[in-house]
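Working notes for the structure below.
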Number of protein chains: 2
Amino acid sequence: MAITIKDIANKAGLSPASVSRILNNHGRFSAETAKKVHEIAESLGYFKNQSAADLSQKQSRVVGVLVPVAHTNFADEIIKGMQHTAYELNYELLITFIDTDEKKQIQTVQSLLSRKVFAIFMLAIDAPTALFELLNHANVQLVSISNQLNNKIPIISSNNDLMMHQIVDHLYQKGHRKIALIGSSERYPIVAKIRRKGYIDALAAKGITYNPDWIWGFQNTYQTGLDAIQHFGTPLPFTAAIGSADIISVGLLNAAQDAGLVVPNDLSIVSVDGTELTQLTRPILTTIEQDFQMMGHLALSSLHEKTLTENAIIYTDTKIVLGDSVRDFNNY
Amino acid sequence: MAITIKDIANKAGLSPASVSRILNNHGRFSAETAKKVHEIAESLGYFKNQSAADLSQKQSRVVGVLVPVAHTNFADEIIKGMQHTAYELNYELLITFIDTDEKKQIQTVQSLLSRKVFAIFMLAIDAPTALFELLNHANVQLVSISNQLNNKIPIISSNNDLMMHQIVDHLYQKGHRKIALIGSSERYPIVAKIRRKGYIDALAAKGITYNPDWIWGFQNTYQTGLDAIQHFGTPLPFTAAIGSADIISVGLLNAAQDAGLVVPNDLSIVSVDGTELTQLTRPILTTIEQDFQMMGHLALSSLHEKTLTENAIIYTDTKIVLGDSVRDFNNY
DNA sequence: TCATTTTGCGTAAACGTTTACGCAACTATA
DNA sequence: TATAGTTGCGTAAACGTTTACGCAAAATGA
């Protein structure tokens, strides 16, 4: 039915082996025959059967990507970066959204493993035990992106500690002393923990003792932002809040405005992520931008260059991008 | 290295054939041996080599999904719907973001074809000629989702004509007579054409002659929304605008507010798509919601049941979801 | 009890590719 | 011209699975 290298070989008066060598540019062959083979392949409309190739080589160039179903929009950015690099380095990406249902997760990952993927990228995933077990069992290279799991798996991420310092420094410089952290109280365990610590340390560095009540909310959802304002009530006990994800910050902003507060006068907001969402609000949100595309790129390229040791941590840059959501107390 | 059915066969004192039959629940075997085989497979940590299976069966259960890189967020919804159904019916999804660069597109799709995918879903893709050529050449089932390409490819989509009627009827009922259509002037050729026609027809049905100048903008971007307000200037010559995608509507809203207009008093907006984005604005956008998850579901299930003929068109439901972005002239 | 059917499983070929090995023909070197 | 090295390519096995076919044993029926 479909065209195989055997067909090409017949037409060219060669053996399949030679055709394979030529098409893969691997081994010895003459330029002349190569030209002929390429022409014939083209004219017959040949497509390599990658399954057969994978089977023969016992290794595929497929990388599985696990994306949480409730994937915040930064996942798209990471994938974009990966896709670009995959194209350059000739890898294939098997992107899979994973569910919260554990049974589904397992089945999904099993099918990845069946494909003999040679690496699995986990985007912002807190592997629950069963899944994690499975992944460790299979011997496949794991990479955790934009999250930190344990010290067995290499990590590509922003420096969450540094980010918190950058944000607190920025707010401090604008005159803020009462700063809340919304959305890192529990979830995404390790990242949240690092952020909390960074936040506390950064405050301490300015001589501010943090108020534990002001670290509030743990889900990266819009609702968390809404609820936070509700929770603290007006007038708010702080002048600035850090939203631990863009969607949280939008929630904060809307809830504050709905409650009659003016942003940034009554509440300043700095958002963590810096996706397009921060540009769609009024006022535009000041944000710390993570380089998600770079994460995607680095994941693949460092994998390619085999520079990923077990406990590697690669940090990508973060920077403050100014919007209009932070009040400057110096100008009053 | 890895465990194969041969290993299982040895340990069970069977032939690989029997193991295969058992694991795939296909053919004859005794319940007793089946139990043994499953146990051994479990204990050895066996993973099927899907490449080998695909090769042997000459057909894979992999469906390729082509998603435009600048994928508006409804793509996520469609994929979610597909993923759910894929899980039920035991298919695998190979999601691929495709670039605007034609050479990359070709390479990407080639690699899909190499995987012997048995169908390709195209999400909101206007296939440019070269890609289209390639896809037609390969004999693979194509399905166009949320877009209409030509009458050779089955379509799963909202009824764009009906949607426009629903929107115009809603606006008319609220007392609007001057209604603009932003974002369907040229692009997404067929869909845009249908929307324009639906819009014009719906107006005509109310005895309104449309103003060709009020069909403006062709890209599904935030910028289109911003530019539209700029283009028409204030005060706007119409009382309501239909944003042909959520992101356009957000642009309209922000630009209008930035220009000092009050939504909905000075401008009413109805958005097309109804993704989460419409809930994040103030005021919340009135929108016509498309059932994207259902599109994803139907694509896969109708493929599975082989009910997709060449020129099939399957419409999913659309409905108006009320927000606060439409002024009601009846209440004044 | 014998004939027939059913059951459980093994044999072997096939899927399309890659690659180690080897050989003949050619090229370079002295 | 003899020798050694190189080049181009074919042979054949291997990857792990599936499945048509067939056979012996067991089950069924009379």
Side-chain angles (χ1 to χ4, degrees), chain A residues 1-38 40-41 44-62 90 92 110-111 113-118 138, chain B residues 1-38 40-41 44-62 90 92 110-111 113-118 138:
Chain A
M1 178 69 232
I3 310 294
T4 72
I5 53 172
K6 224 175 261 177
D7 299 320
I8 300 178
N10 285 340
K11 198 151 183 182
L14 289 168
S15 74
S18 298
V19 175
S20 172
R21 278 189 292 259
I22 289 167
L23 292 180
N24 294 298
N25 196 18
H26 184 268
R28 297 186 301 225
F29 51 82
S30 78
E32 200 182 355
T33 21
K35 184 159 168 267
K36 188 164 60 173
V37 165
H38 279 122
I40 295 177
L44 293 179
Y46 167 77
F47 293 113
K48 174 195 274 197
N49 183 326
Q50 194 63 47
S51 294
D54 285 354
L55 177 59
S56 179
Q57 296 184 122
K58 304 163 106 179
Q59 191 236 31
S60 74
R61 294 183 76 81
V62 179
N90 194 29
E92 242 179 295
Q110 288 235 8
S111 97
L113 294 173
S114 297
R115 290 273 155 203
K116 296 279 172 263
V117 295
F118 86 115
Chain B
M1 179 67 236
I3 311 294
T4 71
I5 52 172
K6 224 174 262 176
D7 299 320
I8 301 179
N10 285 340
K11 199 150 184 186
L14 289 169
S15 72
S18 298
V19 175
S20 171
R21 277 188 294 258
I22 290 167
L23 293 180
N24 294 297
N25 194 20
H26 184 268
R28 297 187 298 223
F29 51 84
S30 77
E32 199 182 357
T33 22
K35 183 157 169 271
K36 186 163 64 175
V37 165
H38 279 120
I40 296 177
L44 293 178
Y46 167 78
F47 292 113
K48 173 195 273 196
N49 182 326
Q50 194 62 48
S51 294
D54 284 354
L55 178 59
S56 179
Q57 297 185 122
K58 306 163 108 180
Q59 192 236 30
S60 73
R61 294 184 77 80
V62 178
N90 195 30
E92 244 180 292
Q110 289 236 4
S111 98
L113 294 173
S114 299
R115 288 276 155 203
K116 297 281 173 260
V117 296
F118 85 115

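Numbers restart at 1 for each chain; the letters A, B, ... are given by sequence-line order, proteins then strands.
If K6(A) and F29(B) are placed on DNA chain C by their nearest nucleotide, the residue sitting closer to the 5' end is F29(B). Mapping L55(B) and V19(B) onto DNA chain C by nearest heavy atom places V19(B) at the nucleotide closer to the 5' end.
Distance CG (N49(A)) to P (dA14(C)): 17 Å, rounded to an integer number of Å. What separates CG of D54(A) from P of dC15(C) is a distance of 19 Å, to the nearest Å. If you measure from atom CG of D7(A) to atom C1' of dC15(C), you get 13 Å, rounded to the nearest angstrom. K35(B) places its NZ atom 16 Å from the P atom of dG8(C), with the value rounded to the nearest Å. Between I8(A) atom CD1 and dG10(D) atom P the separation is 14 Å, expressed in whole Å. If you measure from atom CG of L14(B) to atom P of dT18(D), you get 15 Å, rounded to the nearest angstrom. To the nearest angstrom, P of dG16(C) lies 10 Å from OH of Y46(A). In this entry the distance linking CD1 of I3(B) with C1' of dG16(D) reads 13 Å, nearest Å.
Contact annotation: the side chain of Q50(B) never approaches that of V62(B) to less than 4.5 Å [non-hydrogen atoms, C-beta and beyond]. The closest side-chain heavy-atom distance from H38(A) to L23(A) is below 4.5 Å. With a 4.5 Å cut-off on side-chain heavy atoms, K11(A) and L44(A) count as touching.
Counting only distance, with no hydrogens or angles, the side chain of N10(B) and the backbone of D7(B) share no donor-acceptor pair below 3.5 Å. In this structure, S56(A) contributes its side chain and A52(A) its backbone to no donor-acceptor pair below 3.5 Å.
Within the 4.0 Å cut-off from OP1 or OP2 of dC9(D), at least one side-chain nitrogen or oxygen of T33(A) is found. At dG16(C), none of the side-chain N or O atoms of T4(A) fall inside 4.0 Å of OP1 or OP2 (strictly under the cut-off). Remark: K58(A) is not in phosphate contact with dG16(D), judged by side-chain N or O atoms under 4.0 Å from OP1 or OP2.
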Exercise. Test side-chain contact (heavy atoms from CB on, under 4.5 Å) on D54(A) and R115(A) and set out the steps.
Key: CA-CA 9 Å; D54(A) 285 354; R115(A) 290 273 155 203; over 6 Å; no

Self-check item: Verdict with reasoning, Y46(B) to I5(B), per side-chain contact (heavy atoms from CB on, under 4.5 Å)
Solution: CA-CA 8 Å; Y46(B) 167 78; I5(B) 52 172; 3.4 Å; yes

Practice problem: Could you encode protein contacts along nucleotides 19-27 of chain D as a string, one character per nucleotide from 5' to 3', using B for base contact, S for sugar-phosphate-only contact and - for no contact, with a heavy-atom cut-off of under 4.0 Å? | Solution: BB-B-----

